[in-house]
2 protein chains.
Amino acid sequence: MSKIKGGPQILSSVQNALRLLKSFSTFEPTKRVGELAESLGLAKSTVSRLLSTLASEGFVIKDEKTNAYRLGLSVLTLGGIITNDLEIHKEAAPVLYKLVNDTGETAHLAILDGLDTIYIHKEECNHPVRILTHLGRRNPSYCTSSGKVLLAFSEPKIVGKVIDGGLVKHMHNTITDPGQLQGELEIIREQGFAVSTEELTEGTRSVAAPIRDYTGQVVSAITVVGPIQRMTDHKINRIAKKVMEAGNEASERLGYDERYFKRLRS
Amino acid sequence: MSKIKGGPQILSSVQNALRLLKSFSTFEPTKRVGELAESLGLAKSTVSRLLSTLASEGFVIKDEKTNAYRLGLSVLTLGGIITNDLEIHKEAAPVLYKLVNDTGETAHLAILDGLDTIYIHKEECNHPVRILTHLGRRNPSYCTSSGKVLLAFSEPKIVGKVIDGGLVKHMHNTITDPGQLQGELEIIREQGFAVSTEELTEGTRSVAAPIRDYTGQVVSAITVVGPIQRMTDHKINRIAKKVMEAGNEASERLGYDERYFKRLRS
DNA sequence: CAATTTGTTCCGCATAGGGGAACTACTGTC
DNA sequence: GACAGTAGTTCCCCTATGCGGAACAAATTG
């Protein structure tokens, strides 16, 4: 039991196992027993047992030579299932593909999960110079173009939480001032797209636009990322237009009727 | 403890949680407490607790309206990490992309995990009529082209295990006779590619070729899948040639030196 | 060949977690 | 709209499980 007042019942060993899995990352794809014990605050013996169990079901793989553990293929299988399961995919995938062809840059579909954005789909460009991202990648919402789009069209409460959570300076262009963020979101609502230039990652620029479902709600964002050298100022408007068109097409495929909602608003 | 003689220590609650996760599939992406309790042989209360714990860490999502559970985004994140981590990817991805363009059909990278094949990479074609597959998908090795390629170039012991495990008839063309399978593997070794026509899934045909690493060992298979209407007999040789070329190129990128090994063999 | 470091198994105790029952929330039916 | 029926969560109790620590084993280093 971890919560105090009779909340949902949590199994601590399972929780430990899940946290252990989550402690893997793109930057640290392998981990050892000792490290994990330390970072999770558990005894080595406990971690060892957790890993054996995880390994027996294929969630981690042990390198018998080095004793290092990495994520296992079960995880990949589950990832494939959820990908298939997400509705938006089926509709937005072809749009995304077209967008990559039109712009020559990698495109993503992103949604808000808590206060972060998550890439739920990725269509890679074939430029040799690429931006390193991956499916399922979690980024802070306030310093990515997709995140800003999603914030701009979500409840003010969410934006408040993001601000309360702290606007950490990841790069020289990161927005750290709450007022400035609010202003930016207002602009995004007006112009219908967001741009982010070196706010999270050095040398990258991204453009994003909203995707709406049949209720008119913004459910995800479509975004294009590339190195700033290719995403130049005078190309950015053309790209933004393409991204918005793609967003609109995806929205229509999800049953969004723009004219109906425009009439409502007026 | 699940194993009898002092094997690795297994945490039953964790094992239950992992098996629960694995019981989701493309065909049943949502599950309810009752179903899971039955299929796992656990009490409803137990399953309920497991799900609460999994949900609290984002491994499953509960639909509050219907009480159905589906896989959560944590799973997607982990899937992205492992994808990034697999070496073969970086080298084979562009080759795969080219193959899709050349053949117009969806291509995969597959490896052997235990006695099954797993798709570790997928590059989709843009035909409106597509074969439903997904990343991480697990298939029996003896009735897919990629599986047969991997078996053909793996230790005889593995093939023995597959045969001992039983050759289940999934489709009218499934190979169920051990001798016939051995013969087929021999042919694959000679010609350098495998074809599978409606051996696992109705209406589909696939072609696969091996990928070797710098040690000369076959580490994965590259494969193209499509509906039989498009994968006609008179096109199949052209496709097989393309797949083999792609396999060779990927092998070279992994440091395989064909000439060196040819000299060794002679 | 010690010495050190790292991972696994053993051990014993406290407690977490399993099953079943009770409770609660929905569904659908007449 | 009341009532039966179903499905999920919480409670309770008891046992087995899973935790930490220590001992053990294996690998690495000087």
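Chain letters run A, B, ... following the sequence lines, proteins first, then strands; residues in each count from 1. Every heavy atom of this structure was used, including side-chain atoms; hydrogens, water molecules and symmetry mates were not.
Where B/Ala43 and A/Asn67 meet DNA chain C, the nucleotide closest to each residue was compared, and A/Asn67 sits on the side nearer the 5' end. Between A/Leu11 and A/Gly34, the residue anchored nearer the 5' end of DNA chain C, judged by the nucleotide with its closest heavy atom, is A/Gly34.
You'll find the side chain of B/Tyr69 stays beyond 4.5 Å of the side chain of B/Glu35, heavy atoms only.
Between A/Leu36 atom CG and C/dT8 atom C1' there is a gap of 15 Å when expressed in whole angstrom units. For the pair A/Lys65 NZ and D/dA26 P, the computed distance is 16 Å after rounding to whole Å. Rounded to whole Å, atom P of D/dC19 lies 13 Å from atom CD1 of B/Ile10. Across the protein-nucleic acid pair, A/Arg32 atom CZ and D/dA27 atom P stand 13 Å apart, rounded to whole Å. For the pair A/Tyr69 OH and C/dT8 C1', the interatomic distance rounds to 9 Å; values are reported in whole Å. Atom CD of A/Glu38 is separated from atom C1' of C/dG7 by 16 Å (rounded to the nearest Å). In this structure, the CG atom of A/Leu42 is 18 Å from the P atom of C/dT6, given to the nearest Å. If you measure from atom CD of A/Glu64 to atom P of D/dA26, you get 13 Å, rounded to the nearest angstrom.
Counting distance only, with no hydrogens placed and no angle test, the side-chain atoms of B/Ser45 and the base atoms of C/dG19 include a donor-acceptor pair under 3.5 Å. A donor-acceptor contact under 3.5 angstrom links the side-chain atoms of B/Arg49 to the base of C/dG18. The base of C/dG7 lies outside donor-acceptor range of the side chain of A/Ser48, with no N or O pair under 3.5 Å.
Taking the side chain of B/Ser12 as heavy atoms from C-beta on, and the options D/dG18, C/dG7, C/dG17, the nearest nucleotide is D/dG18. Taking the side chain of A/Lys62 as heavy atoms from C-beta on, and the options C/dG18, D/dT9, C/dG7, the nearest nucleotide is C/dG7.
Side-chain contact check for B/Ser13 and A/Ser13: at least one donor-acceptor pair (N or O, by modelled atom type) lies under 3.5 Å.
One finds no side-chain N or O of B/Ser52 lying less than 4.0 angstrom from the OP1 or OP2 phosphate oxygen of D/dT9.
By the 4.0 Å N-to-carboxylate-O rule, A/Asp113 lies close enough to A/Arg138 to be salt-bridged with it.
Heavy-atom minimum distance, B/Ile211 versus B/Ala250: CD1-CB, 3.8 Å.
In summary, of the residues considered (A/Leu200, A/Asp116, A/Thr133), a side chain to side chain contact (heavy atoms under 4.5 Å, CB included) with A/Asn139 occurs for A/Leu200 alone.
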